[in-house]
Amino acid sequence: MINGKTRIYGLIGNPVEHTISPMIHNNLSSILGHNLVYVPFHVEAGTLQKAIEGAYALNIVGINVTVPYKSDVIGMLKDIEPLAKQIGAVNTLARVEGGYKGYNTDMPGLYRAMQSDGVHIENASVLILGAGGVARAVTMLMASKSAREIIICNRTLEKASEIAKEVNAYIGNELVKVLPLSDYKKLQNKKYLTIQATSVGLHPNDEEVIIDVPDFYSYVEVGYDMICNPADTKFMQMVRQAGGQAYNGLKMLLYQGIIAYEIWNETIVAEEQAIQIYQLMKSEMGL
Ligand code: ATR
């Protein structure tokens, strides 16, 4: 029931038409009995600053930010949480005096998804496929959660090296190493927690996979694909065929929303409530 006390939240991006975030937040608020509504805002290129100022003027309490504005928005904030600053991407804004404070809940979201799946980063040998913005954030997360070793495997080695250099400088050792994608046979003969952080295999290119050689998957103990559409990517199928466990990006999407909700509403969402939303997400997506 919307009334005079309803608080407004939303998502800024372009496009936003296929977002599942309103479903997450509006169901959470109804489960938790909060008087709020969450809506998508399609923001045209070149109008981000106006959108942020307008949102503040309209007393919008919290905003999620998605592609292509996660980095651009940083220059428009009143304050930024250190993790988001280090990652260089903000996906959550919380209203403070005079503007918004930026957070990154994507990586804490991935961490909570892994905890929920019983997957441990601490002491793990981690392989990251890709060296774009997502891979950079994932490398930061893995380094900050005490992985034993991290190898970034990318088609363009220089891009992997840039991330490795930056993260190694941040943590003060040489934890992160790099390898050209085509050289995966140089990996040591062991099993890795593998994160697929490229857009290869994203719908409508469901038949594509970053490494289309079954051999490679013998190195994968647990494979996380950051993609949620399709829900079962070819990468995940190849991981399972080689005997590994495979997960998609859906739980990360769930928990990035839950963490944003917790920041905005100064509350903690119980695991059973999270799972309730997860089931709703899956049925909404026809899974
Ligand atoms: P994002 O910021 O979402 O991570 P991005 O910056 O476009 O996206 O990064 C995409 C990553 O996927 C890159 O590491 C890219 O490899 P290159 O650095 O060599 O460009 C990788 N990628 C995309 N398509 C690929 C393909 N067909 N084969 C191998 N790697 C691919």
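Note that ligands are numbered from 1 as they come in the structure, with each ligand's atoms numbered from 1 the same way.
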Atom 16 (O) of ligand 1 touched by protein (heavy atom, under 4.0 Å):
yes
In this structure, would Y255 and Y278 fall into the same cluster of hydrophobic residues linked by side-chain contacts under 4.5 Å?
yes
Closest approach of any protein heavy atom to atom 24 (N) of ligand 1, naming residue and atom:
V200 CG2, 3.5 Å
Should we count NZ of K190 as having more than 12 external heavy atoms under 6.0 Å?
yes
Using a 6.0 Å cut-off, check whether atom NZ of K191 has over 12 heavy atoms from anything other than its own residue.
yes
In ligand 1, which numbered atoms sit nearer than 4.0 Å to a non-hydrogen atom of T156?
17 (P), 18 (O), 19 (O), 20 (O)
May I ask you to list the atoms of ligand 1 that are less than 4.0 angstrom from any heavy atom of K159?
17 (P), 18 (O), 20 (O)
Short list, please: which atoms of ligand 1 are under 4.0 Å from a heavy atom of G130?
14 (O)
Nearest neighbour in protein (non-hydrogen) for atom 9 (O) of ligand 1:
G132 CA, 3.4 Å
Short N/O distance, under 3.5 Å, between A131 and ligand 1?
yes
For atom 27 (N) of ligand 1, find the nearest protein heavy atom and state the residue, atom name and distance (0.1 Å precision).
R155 NH1, 3.5 Å
With the 4.5 Å side-chain cut-off for hydrophobic clustering, are Y224 and I128 part of the same group?
yes
Please write down residue, atom name and distance for the protein heavy atom closest to atom 12 (O) of ligand 1.
T198 CB, 3.2 Å
Can you establish whether the number of heavy atoms outside E17 located under 6.0 Å from its atom CD is more than 12?
yes
Can you pull out the closest protein heavy atom to atom 18 (O) of ligand 1? Residue, atom name and distance to 0.1 Å, please.
N154 ND2, 2.8 Å
Have a look at P68, S71, G133 and point out the one with the heavy atom closest to atom 2 (O) of ligand 1.
G133
For atom 30 (N) of ligand 1, find the nearest protein heavy atom and state the residue, atom name and distance (0.1 Å precision).
I210 CD1, 3.5 Å
How far apart are the closest heavy atoms of A45 and N14, and which atoms are they?
N-ND2, 4.0 Å
Trace of the side-chain hydrogen bond (donor to acceptor under 3.5 Å, both in side chains) decision for Y184 with D215:
CA-CA 10 Å; Y184 70 83; D215 260 15; 4.6 Å; no
I'd like to know whether NE2 of H120 has more than 12 heavy-atom contacts from other residues, nucleotides or ligands below 6.0 angstrom.
no
Side chain to side chain donor-acceptor pair (under 3.5 Å) test vs K70 passes for just one of D106, N64, N104, N91, namely D106
of all protein heavy atoms, closest to atom 3 (O) of ligand 1 is V134 CG2, 3.6 Å
